[in-house]
Amino acid sequence: MNKINFKTGTIIPPELMNALQNPSFTNDEEEAGHLPLPPNYGKKVQVFNTENRAVDLSTASSGFAVVIHHSSSLSGEPETVTIDGVGGTGANTILLVTRGTDYPVIVSLPQNSVSRKEISIKGGSSVLLTFFSYGAAYVWKYYELETNPVAMTDTGWKSFSPGGVSTDFVKFATLTVPKGYSAIVMVKGTGTSTYPVTSGSSGVVAEYTLQAIDADEREETCEMSVVKCNASGYFLPDMTQEYDARADKFSGYLVIPPLSTPAQRSVDLKLKTNQGAMSITASFRALLYKANLDTTLLA
């Protein structure tokens with residue numbers, strides 16, 4: 001019933017008391033029991049569920065919407081989720097959350113009145129979608145949120161003896177970097193100089209350098225820290241003038257970034273020193289990992 005303007009002696013009908021005991025946000029402002037919506041209610045996060053693998057967001061009143069898609073698919077085949085009703089004053093940023101088994105999903109998105117764009121996300125992943133208008137069409141951008149965003153693969157320590165190393169890089173190992181992966185390569189080893197035999201200081205090794213280079217000549221290098229020892233294992237100052245054969249301990253690491261167009265790569269690991277007649281024994285350990293954000297612009 002409608003609200004009453006009370007005056008002295010106004011009788012309170014039972015219908016009014018019943019309405020006041022059952023307030024509702026859906027009541028009109030003129031009705032008893034009307035509850036006003038909180039400020040900025042239209043900007044709240046709204047949650048939608050897919051029905052028959054589709055969702056219509058035309059009723060969304062805020063700029064952000066969460067779409068939950070449930071599935072019990074066990075086949076491993078991709079499911080297609082269709083999203084419609086975007087644009088206008090409704091949702092322009094959408095978080096699609098997949099629940100159920102780890103099945104891949106193809107998301108079908110409107111581009112204009114006659115064409116659509118499809119994106120594929122991995123099994124168990126969710127995706128953040130956004131778009132902007134260009135001409136008479138929507139251009140979509142998405143960020144895939146993987147279930148295991150920083151997958152680490154450790155190759156462990158592997159030992160190699162590349163033999164003589166001097167002012168030229170000498171290959172001592174080959175690392176395979178899988179498609180879409182980056183790598184952190186850690187190297188450690190020992191180097192022994194056989195010069196000088198009786199005099200001079202030409203046998204002193206000032207630096208060891210690590211290089212990683214792939215078939216397309218993409219290169220990463222780093223200088224490694226060095227601890228100098230004599231043949232008996234005693235530490236010596238850097239650039240020592242001792243004539244004993246050097247037994248240097250060196251270590252360092254470098255980062256191999258992912259390519260802009262990811263593909264499996266074969267990367268050669270190489271060493272060099274600033275001194276000739278060196279005998280080197282080296283070990284390396286590689287941590288292979290995937291970045292936690294995959295960004296793709298759909299044109």
Side-chain angles (χ1 to χ4, degrees), residues 122 146-195 203-240 244-294:
K122 301 177 184 66
E146 298 183 30
T147 54
N148 189 12
V150 189
M152 305 293 290
T153 303
D154 186 356
T155 64
W157 290 106
K158 299 182 179 180
S159 296
F160 300 86
S161 297
V165 176
S166 61
T167 54
D168 296 322
F169 278 108
V170 175
K171 174 181 172 181
F172 72 94
T174 299
L175 172 66
T176 299
V177 181
K179 177 181 178 180
Y181 276 73
S182 302
I184 300 174
V185 181
M186 294 162 285
V187 174
K188 64 181 181 180
T190 60
T192 301
S193 171
T194 59
Y195 289 105
V204 174
V205 181
E207 63 186 37
Y208 293 78
T209 305
L210 169 63
Q211 179 192 72
I213 186 168
D214 66 15
D216 292 323
E217 303 299 317
R218 281 176 286 257
E219 174 186 316
E220 301 291 333
T221 62
C222 76
E223 284 191 19
M224 294 186 281
S225 59
V226 183
V227 175
K228 291 187 174 292
C229 307
N230 63 13
S232 300
Y234 293 105
F235 294 126
L236 299 174
D238 192 12
M239 295 298 292
T240 176
D244 298 332
R246 306 297 186 259
D248 297 342
K249 308 292 185 182
F250 59 83
S251 63
Y253 72 92
L254 55 78
V255 176
I256 301 175
L259 297 177
S260 57
T261 54
Q264 180 167 293
R265 288 177 289 164
S266 179
V267 179
D268 288 338
L269 302 180
K270 300 180 179 182
L271 283 169
K272 78 172 181 178
T273 73
N274 69 324
Q275 200 54 252
M278 293 292 299
S279 177
I280 299 288
T281 300
S283 299
F284 83 95
R285 180 188 189 194
L287 289 176
L288 305 174
Y289 65 97
K290 295 198 76 172
N292 62 344
L293 199 60
D294 178 18

Legend entry - Contacts of Thr155 that satisfy side chain to side chain contact (heavy atoms under 4.5 Å, CB included) - sequence neighbours left out: Lys158, Leu175, Phe284, Ala286, Leu288
Legend entry - Distance, nearest 0.5 Å, that separates CD1 of Ile184 from CZ of Arg285: 10.5 Å
Legend entry - Closest non-hydrogen atom pair, Val177 against Ala183: CG2-CB, 4.4 Å
Inset, instruction - Report the C-alpha separation of Leu210 and Tyr253 in whole Å, then their side-chain angles, then the decisive distance to 0.1 Å, and conclude whether the side chain to side chain contact (heavy atoms under 4.5 Å, CB included) test is met. - result: CA-CA 8 Å; Leu210 169 63; Tyr253 72 92; over 6 Å; no
Inset, instruction - Report the residues that fulfil side chain to side chain donor-acceptor pair (under 3.5 Å) with Asp216, sequence neighbours left out, ordered by chain and then residue number. - result: Arg218
Inset, instruction - Go through the steps for Phe172 and Val187 under the test side chain to side chain contact (heavy atoms under 4.5 Å, CB included), then give the verdict. - result: CA-CA 11 Å; Phe172 72 94; Val187 174; 4.2 Å; yes
Inset, instruction - Please name the pair of heavy atoms, one in Val255 and one in Tyr289, separated by the smallest distance, quoted to 0.1 Å. - result: CG1-OH, 4.1 Å
Inset, instruction - Please identify each residue that fulfils side chain to side chain contact (heavy atoms under 4.5 Å, CB included) with Ser159, with sequence neighbours left out. - result: Ser283
Inset, instruction - State which residues pass salt bridge (charged side-chain N to carboxylate O under 4.0 Å, His left out) with Lys171; sequence neighbours excluded, sorted by chain then number. - result: Asp268
Legend entry - Nearest heavy-atom neighbours spanning Leu254 and Glu220: CD2-O, 3.7 Å
Inset, instruction - Report the distance from atom CZ of Arg265 to atom NZ of Lys179, rounding to the nearest 0.5 Å. - result: 13.0 Å
Inset, instruction - Check ring pair (Phe, Tyr, Trp, His ring centres under 6.0 Å) between Tyr208 and all other residues, then give those that pass, not counting sequence neighbours. - result: Phe250
Legend entry - Separation between NZ of Lys188 and NZ of Lys249, rounded to the nearest 0.5 Å: 10.5 Å
Legend entry - Check against side chain to side chain contact (heavy atoms under 4.5 Å, CB included), Leu287 and Met186: CA-CA 8 Å; Leu287 289 176; Met186 294 162 285; 4.1 Å; yes
Legend entry - Test side chain to side chain donor-acceptor pair (under 3.5 Å) applied to Glu219 - qualifying residues, sequence neighbours left out: Gln211
Legend entry - Residue pair Ser266 / Thr174: nearest heavy atoms and the distance that separates them: OG-CG2, 3.3 Å
Legend entry - Between CD1 on residue Ile256 and OH on residue Tyr181, distance to nearest 0.5 Å: 15.0 Å
Inset, instruction - Go through the steps to decide whether Leu271 and Val170 satisfy the test side chain to side chain contact (heavy atoms under 4.5 Å, CB included), and finish with yes or no. - result: CA-CA 5 Å; Leu271 283 169; Val170 175; 5.8 Å; no
